[in-house]
Amino acid sequence: MSDSKVLLTPGPLTTSTQVKQSMMSDMGTRDQEYYDLAQETRMMLLRLAQADERDYTAVLIPGSGTYGVESVLCSVVKENEKVLILSNGAYGERMGQICQKAQIPYELVRCSMIHQLDVKAVEEQIAREDITHVAYIHSETTAGVLNDITGLQEVIHRYHKISIVDAMSSFGAVEMSMDELQVDYLIASSNKCLHGVPGLAFVIAKRSHLDQCANVAHSLSLDLHAQYRFMEDNLGAFRFTSPTHVLRALHRAMEEMIAMGGVSARHQRYVKLQRQFREAMVKQGFQTLVPAQDQGVVITTFLYPQGFDFAHFYEYFKSNGFLLYRGKLSDYDAFRIGNIGAIEDKDVDRFIALLQAYYKKENGK
Ligand SMILES: *Cc1c(COP(=O)(O)O)cnc(C)c1O
C-alpha cells in the first residue's frame with residue numbers, strides 16, 4: 001500500500017499519479033532521446049514564461065531552488081558591482097547569506113514579512129549609484145505575500161539596473177510575461193507550482209546580459225553561464241550527471257498543466273483551494289496573518305489561537321494522511337497551510353471533516 005500523504009506544504013508537494021509513473025523509466029544522459037527531452041522542457045518553460053526565445057534562454061540547474069538562486073547570484077554580479085536585496089522574508093534573507101558566503105558585494109533592505117514590498121519606499125535605494133543589480137522574491141513563501149512584480153520592474157528599469165527575481169512559488173501560479181516584464185533573471189524550480197518532483201531548478205535568463213557573464217562565477221557546478229553555453233552548444237546536454245527522473249517528471253507535469261488550462265487555470269484552482277482551507281480554519285477560530293491585499297495564492301499563515309497545541313494538531317493530521325507545514329516563522333506563533341500540488345476535491349472535503357472532528361473532540365462535545 002502506498003504511504004503517500006497529501007502534502008499541504010509549499011513544496012515538495014503532492015504529485016499526480018501520472019507524474020509519479022513518468023519516473024518509472026531509466027534514461028541515459030548521453031543519448032539523443034534525453035537531449036530532446038531537455039530541449040523540449042526548456043522550450044516549454046520559455047513558453048510558460050511568455051519569453052521570446054530570441055531574447056531569453058531557459059537554463060536547467062540540478063538541485064533544489066536555492067541552487068538556482070545561488071547560481072544566478074554567483075554568476076552575474078561582477079567584482080566591481082553590487083546587488084541590492086529587497087527582503088520581506090526568509091528567502092530574501094537567504095539571498096543575503098548566499099552573497100555573504102560567496103563574497104558578492106550586496107546590501108540587504110529588510111522589510112515587513114506580512115506586507116508587500118513598498119515600491120515607493122525602496123525607490124531611493126534602487127536609484128543609488130553603486131547599485132547595479134536588484135534582487136527580490138516575487139511570491140515570498142515565508143508568510144505568503146505576493147510582491148508587485150510589475151511595479152518593482154518599472155522602477156528597476158527606470159534606473160537601468162539588472163533584475164534578479166526569485167519566482168519559485170509563483171512561476172506557474174501567477175500569469176507573467178517576461179516579454180513585458182523584462183526580468184533579466186527569473187528563477188524557479190520543478191517542485192513548486194509546476195507540480196514536478198524536487199531536484200531541478202531553472203533560470204529564465206536574458207541572453208544579452210548572460211552572454212556578458214563568462215568566467216564570473218567562482219564555482220564550477222553553479223556557473224550559470226557555463227551551463228548555458230554547454231546546453232546551447234550541445235543541444236540540451238547537461239555538463240554533469242543530471243536528474244533524469246526529475247526531468248521526466250517535470251516534463252510530464254507541464255504537459256498535464258497545459259492540458260488542464262495552463263497558468264490561468266492553475267491560478268484559479270489555487271484561489272479556490274486557498275479559500276476553502278481558509279474558510280474552514282476561520283470557522284474554527286483561526287486568524288490569518290497576512291492582510292488580504294498582500295496575500296498570495298500558494299500558502300496561508302494562521303496564528304496560533306490561545307492555548308493551541310500545534311504538535312498535537314500536526315500529529316492528528318499526519319496520522320490521517322495530511323502533512324501540514326511545520327516550518328516556524330521567526331516573529332510569530334503561527335503555522336502555514338500550502339495549497340499547491342495535485343490536491344483533489346476529495347482531499348479538501350476530508351481535511352475539512354477532520355478539522356471539524358478535531359474540534360468536536362477537543363471541546364468534549
Ligand atoms: C521553495 C523556495 C525556494 C527554494 O527553496 P529550496 O528549499 O532550495 O527548494 C526559494 N525561494 C522561495 C520563495 C521558495 O518558496
Does D294 have any side-chain hydrogen bond (donor to acceptor under 3.5 Å, both in side chains) partners at least two apart in sequence or in another chain, and if so, which?
H115
Would D211 and R207 pass as an ion pair if we require N to O under 4.0 Å?
no
For H267 and A173, the nearest pair of non-hydrogen atoms, with its separation, is ND1-O, 2.8 Å
Approximate separation, where rounding is to 0.5 Å, of I340 CD1 and L273 CG
11.0 Å
Pair R47-Q50, side-chain donor/acceptor within less than 3.5 Å:
no
State, to 0.1 Å, how close A280 and L355 come at their nearest heavy-atom pair, and which atoms those are.
O-CD2, 3.4 Å
For residues 59-74, which residue pairs pass the side-chain hydrogen bond (donor to acceptor under 3.5 Å, both in side chains) check, not counting sequence neighbours?
T66-R94
Are more than 12 heavy atoms, taken from residues, nucleotides or ligands other than M27, located less than 6.0 Å from that residue's CE atom?
yes
Using modelled atom types and a 3.5 Å cut-off, is there a donor and acceptor pairing between side-chain atoms of E124 and backbone atoms of A121?
no
All heavy atoms of M168 vs all of D166, minimum pair found to be N-OD1, 2.9 Å
Roughly how far, to the nearest 0.5 Å, is NE2 of H245 from OG of S25?
7.5 Å
Could you tell me the separation between the CG atom of D331 and the CD1 atom of I114, rounded to the nearest 0.5 Å?
9.5 Å
Verify, without hydrogens or angle tests, whether S177 (side chain) and E180 (backbone) share a donor-acceptor contact under 3.5 angstrom.
yes
With a 4.5 Å cut-off on side-chain heavy atoms, are Q295 and L146 touching?
no
Examine distances only and state if a side-chain atom of S190 and a backbone atom of L200 form a donor-acceptor pair shorter than 3.5 Å.
yes
Between F310 and F302 (judged by ring centroids, cut-off 6.0 Å), do the two rings come close enough to count as a pair?
no
Looking at every heavy atom in both G92 and L108, which two are closest together, and how far apart are they?
O-CD1, 3.6 Å
Any donor and acceptor pair, going by atom type alone, linking the side chain of S75 with main-chain N or O of L224 inside 3.5 Å?
yes
Should we count CD of E279 as having more than 12 external heavy atoms under 6.0 Å?
yes
Check side-chain hydrogen bond (donor to acceptor under 3.5 Å, both in side chains) between N339 and all other residues, then give those that pass, not counting sequence neighbours.
none
Not counting sequence neighbours, list each pair that qualifies as a side-chain hydrogen bond (donor to acceptor under 3.5 Å, both in side chains) and has a residue in residues 302-327.
H312-Y358
K161: what forms a salt bridge (charged side-chain N to carboxylate O under 4.0 Å, His left out) with it, not counting sequence neighbours?
none
For the backbone of L222 and the side chain of Q227, can you confirm whether one donor and one acceptor N or O come within less than 3.5 Å of each other?
no
Check the surroundings of atom NZ in K101: do more than 12 heavy atoms from other residues, nucleotides or ligands lie under 6.0 Å from it?
no
Tell me, please, which residues at least two apart from Y136 pass side-chain hydrogen bond (donor to acceptor under 3.5 Å, both in side chains).
Q153
Is any side-chain N of the basic residue among R42 and E53 closer than 4.0 Å to the acidic one's carboxylate O?
no
Heavy-atom check, side chain of H195 versus side chain of M254, under 4.5 Å:
no
Flag side-chain contact, heavy atom, 4.5 Å: D26 against T244
no
Is the backbone of A237 close enough, under 3.5 Å, to the side chain of N234 for a donor and an acceptor to pair up by distance?
no
Which heavy-atom pair separates G144 from I299 by the least distance, and what is that distance?
CA-CG2, 3.6 Å
Donor-acceptor contact present, side-chain N147 to main-chain Q116, <3.5 Å
no
Think K192 forms a cation-pi with Y91, using NZ or CZ under 6.0 Å from the six-ring centre and within 45 degrees of its axis?
yes
Distance check, rounded to the nearest 0.5 Å: D184 atom CG versus I164 atom CD1?
8.0 Å
Do K82 and T132 have a side chain donor and acceptor closer than 3.5 Å?
no
Under 4.5 Å between any side-chain heavy atoms of V263 and R266, yes or no?
no
Looking only at heavy atoms, the pair that brings N191 and V197 closest together is CB-C, 3.6 Å
Please check if atom CD in Q293 has more than 12 non-hydrogen atoms from other residues, nucleotides or ligands closer than 6.0 Å.
yes
Could you list the residues that satisfy salt bridge (charged side-chain N to carboxylate O under 4.0 Å, His left out) with K120, not counting sequence neighbours?
none
All pairs passing side-chain hydrogen bond (donor to acceptor under 3.5 Å, both in side chains) where residues 246-256 contributes a residue, at least two apart:
S16-E256, Q18-R252, E40-H251, R252-E255
Between the main-chain N or O of V348 and the side-chain N or O of E344, is there a donor-acceptor pair closer than 3.5 Å?
no
Side-chain hydrophobic cluster, 4.5 Å single linkage: members besides L220
F240
Do T141 and S169 pair up side chain to side chain, a donor and an acceptor below 3.5 Å, judged on atom types alone?
yes
Considering residues at least two apart in sequence or located in another chain, which fulfil the side-chain hydrogen bond (donor to acceptor under 3.5 Å, both in side chains) criterion with R110?
E93
Would you check if the side chain of T15 reaches a backbone N or O of K20 as a donor-acceptor pair within less than 3.5 Å?
no
Is any side-chain heavy atom of L186 closer than 4.5 Å to a side-chain heavy atom of V203?
no
Side-chain H-bond candidate by donor/acceptor type, K206 with Q182, under 3.5 Å:
yes
If I take atom CD1 from residue I85 and atom CD from residue Q97, how far apart are they, to the nearest 0.5 angstrom?
10.0 Å
Hey, what do you get for CG (L86) to CG (D118), rounding to the nearest 0.5 Å?
11.0 Å
Sub-6.0 Å ring centroid separation between F230 and F238:
no
Does M44 offer a backbone N or O that forms a donor-acceptor pair with the side chain of T41 under 3.5 Å?
no
Flag the pair C193 / V298 as yes when at least one side-chain heavy-atom distance between them is below 4.5 Å, and no otherwise.
yes
What I want to check is whether the side chains of S139 and S170 have a donor and an acceptor closer together than 3.5 Å.
no
Are the side chains of D223 and Y228 in contact, using a 4.5 Å heavy-atom criterion?
no
I'd like to know whether CG of N215 has more than 12 heavy-atom contacts from other residues, nucleotides or ligands below 6.0 angstrom.
no
Could you tell me whether the side chains of H209 and Y185 share a donor-acceptor contact shorter than 3.5 Å?
yes
Apply ring-ring contact (aromatic ring centres under 6.0 Å, His included) to F171 and list each qualifying residue two or more places apart in sequence or on a separate chain.
F202
Do other residues, nucleotides or ligands put more than 12 heavy atoms under 6.0 Å from the CZ atom of R54?
no
Sorted by first residue and then second, give each ring-ring contact (aromatic ring centres under 6.0 Å, His included) pair with at least one member in residues 338-357; sequence neighbours left out.
F277-F351, F317-F351, F322-F351
Lys/Arg N to Asp/Glu carboxylate O, R269 vs D345, below 4.0 Å
yes
